[in-house]
Amino acid sequence: NEGAGTVVAAGDQAKDWIGRRVGMIGGGMYADLKKIRTRDALPIPEGVTAAQGAALTVNPMTALGFVETARAEGHSAIVHTAAASSLGQMLQRICARDGVPLVNIVRSGDQVRLLRDMGAAHVLNSRDEDFRTQLVDAVTETGATIAFDAIGGGGLGGDIMRAMEKGAVNRMTEYSRYGSAQFKQLYVYGALDPSPMVLDRLAFGFQWSVSGWLLTPFLQRVGAETTARLRKRVFDELTTTFATRYTRTIGLAEALKPEVLQAYERKATGEKFLIDPTLD
């Protein structure tokens with residue numbers, strides 16, 4: 001989806017870009033040469049490498065988009081799944097800097113320790129026997145009423161919605177047979193689990209929504225001014241908040257070797273591969 005490179009040819013309106021490095025988005029990046037519209041490319045600031053520029057859109061803008069969406073919809077705290085990913089680590093740094101309570105959900109002890117070492121206050125292992133109890137406690141404490149789910153399938157999304165409802169009920173001063181009046185939002189932005197999502201709707205009350213979230217429609221919706229503001233923050237914090245670390249750099253041909261393909265297809269935490277087309 002995204003990449004970076006040096007401009008070697010350009011139309012009349014972008015002649016001054018020749019020789020400059022740009023970050024790009026739009027797919028088809030597994031190539032030595034890429035023809036792209038200027039609107040889909042962005043000059044990289046001086047001192048920023050192509051490797052850094054190759055990851056300055058999808059994860060950074062998505063993480064910022066989550067916080068922007070939560071604020072715009074009146075939510076004060078967030079729940080995030082697959083939270084030890086590169087995107088999840090960025091979101092943790094953003095929320096820490098901006099004072100937004102964040103409940104991180106991961107699936108291993110190593111991932112818990114990784115986020116704890118970053119200073120995360122709430123990190124839950126979904127494989128713990130008392131995970132659901134921990135989730136209710138964390139959501140009640142933070143007041144989280146919006147979640148961004150990268151898993152998609154299975155019952156985790158339902159567990160989050162149930163916990164948000166229980167947290168809201170815990171804050172109620174009067175009983176209602178219809179549950180809480182607190183609106184709860186679950187956004188699904190990934191499909192790490194391709195199985196059907198299971199939702200026990202009677203456990204959520206009647207004020208809730210489940211829908212999809214995707215970066216491009218979000219940017220189109222918020223407009224050029226907000227996009228520029230978010231983009232400026234990415235540039236300002238590119239080597240800190242939005243730093244991307246790669247486990248390994250490979251060439252295009254190497255990406256097709258079965259053992260290498262199997263390694264990056266695992267999508268394991270801390271094993272991000274960078275493809276450099278200039279390598280043999």
Side-chain angles (χ1 to χ4, degrees), residues 63 66-67 69-70 73-85 87-96 98-172 176 178-193 195-213 269:
F66 289 170
V67 176
T69 298
E73 296 181 3
H75 303 277
S76 59
I78 297 170
V79 179
H80 185 225
T81 69
S85 65
L87 190 157
Q89 293 177 46
M90 291 179 189
L91 182 61
Q92 170 57 39
R93 297 186 195 108
I94 293 167
C95 288
D98 294 5
V100 178
L102 176 65
V103 178
N104 297 283
I105 298 176
V106 297
R107 60 178 181 176
S108 75
D110 288 342
Q111 293 172 345
V112 170
R113 286 186 288 274
L114 185 154
L115 290 174
R116 289 287 189 192
D117 289 345
M118 291 177 58
H122 302 280
V123 190
L124 313 180
N125 186 345
S126 61
R127 293 178 175 173
D128 286 348
E129 291 185 3
D130 62 341
F131 165 69
R132 290 182 176 179
T133 299
Q134 293 181 46
L135 183 57
V136 172
D137 291 343
V139 167
T140 300
E141 180 180 341
T142 59
T145 51
I146 187 170
F148 295 91
D149 178 27
I151 307 301
L156 182 56
D159 289 341
I160 295 170
M161 293 291 282
R162 185 184 298 107
M164 291 196 294
E165 172 64 6
K166 287 186 176 180
V169 168
N170 289 341
R171 296 188 293 271
M172 289 173 60
S176 170
Y178 298 108
S180 76
Q182 176 66 60
F183 184 78
K184 301 160 290 291
Q185 175 69 55
L186 173 65
Y187 282 114
V188 180
Y189 75 96
L192 294 177
D193 183 344
S195 68
M197 174 180 283
V198 180
L199 298 172
D200 179 5
R201 64 180 183 82
L202 297 180
F204 311 154
F206 288 85
Q207 299 296 314
W208 56 273
S209 176
V210 177
S211 56
W213 195 100
T269 298

Once rounded to the nearest 0.5 Å, what's the spacing between atom CG of Leu102 and atom CG of Leu91?
5.0 Å
Between His75 and Phe183, what is the ring plane arrangement, given parallel below 30°, perpendicular above 60°, and tilted in between?
tilted
Is Ser209 reaching over with its side chain to a backbone N or O of Gln185, donor-acceptor style, under 3.5 angstrom?
no
Considering all heavy atoms, the nearest Val106-Ala84 contact
CG1-N, 3.7 Å
Taking the inter-plane angle between the rings of Phe148 and Trp213 on a 0 to 90° scale, is it parallel (under 30°), tilted (30 to 60°) or perpendicular (over 60°)?
perpendicular
Euclidean distance, Met164 CE relative to Gln207 CD, rounded to 0.5 Å
13.0 Å
Donor-acceptor pair, side chain of Thr145 and main chain of Lys184, under 3.5 angstrom:
no
With rounding to the nearest 0.5 angstrom, report the CD1 to CD1 distance, Ile151 to Ile105.
9.0 Å
For Thr81 and Ile160, run side chain to side chain contact (heavy atoms under 4.5 Å, CB included): C-alpha distance rounded to whole Å, both residues' side-chain angles, the deciding distance at 0.1 Å, then the answer.
CA-CA 10 Å; Thr81 69; Ile160 295 170; 3.6 Å; yes
For the pair Asp149 and Met197, evaluate side chain to side chain contact (heavy atoms under 4.5 Å, CB included) and give the outcome as yes or no after the intermediate values.
CA-CA 11 Å; Asp149 178 27; Met197 174 180 283; 4.0 Å; yes
Should Lys166 and Leu135 be marked as a side chain to side chain contact (heavy atoms under 4.5 Å, CB included) after you check the CA-CA gap, both sets of side-chain angles, and the distance that decides it?
CA-CA 10 Å; Lys166 287 186 176 180; Leu135 183 57; over 6 Å; no
Here the gap from Trp208 atom CH2 to Leu186 atom CG, rounded to the nearest 0.5 Å, amounts to 9.5 Å
To check you understand the geometry: which heavy-atom pair defines the closest contact between Gly157 and Leu199, and what is its length?
C-CD2, 4.2 Å
Would you check if there is a donor-acceptor pair between the side chains of Glu165 and Ser180 at a distance under 3.5 Å?
yes
How close do Ile94 and Ala63 get, counting heavy atoms only, and between which atoms?
CD1-CB, 3.6 Å
Which heavy atom of Phe204 sits nearest to which heavy atom of Gly158, and what is that distance?
CE2-O, 3.5 Å
Roughly how far, to the nearest 0.5 Å, is the CG atom of Asn104 from the CG atom of Asn125?
12.5 Å
Please report the shortest heavy-atom distance between Ala150 and Ala82, naming the atom on each side.
CB-CB, 3.9 Å
May I ask you to test the His80-Leu87 pair for a side-chain heavy-atom distance under 4.5 Å?
yes
Does the side chain to side chain contact (heavy atoms under 4.5 Å, CB included) test come out yes or no for Phe66 and Met90, once each step is laid out?
CA-CA 11 Å; Phe66 289 170; Met90 291 179 189; over 6 Å; no
If you look only at pairs with a residue in residues 105-133, which of them pass as a salt bridge (charged side-chain N to carboxylate O under 4.0 Å, His left out), with sequence neighbours excluded?
Asp110-Arg113, Arg132-Asp159
What heavy-atom pair brings Ala138 and His122 nearest, and what distance separates the two atoms?
CB-ND1, 4.1 Å
Any chance you could measure Glu73, atom CD, to Ile146, atom CD1, to the nearest 0.5 Å?
5.0 Å
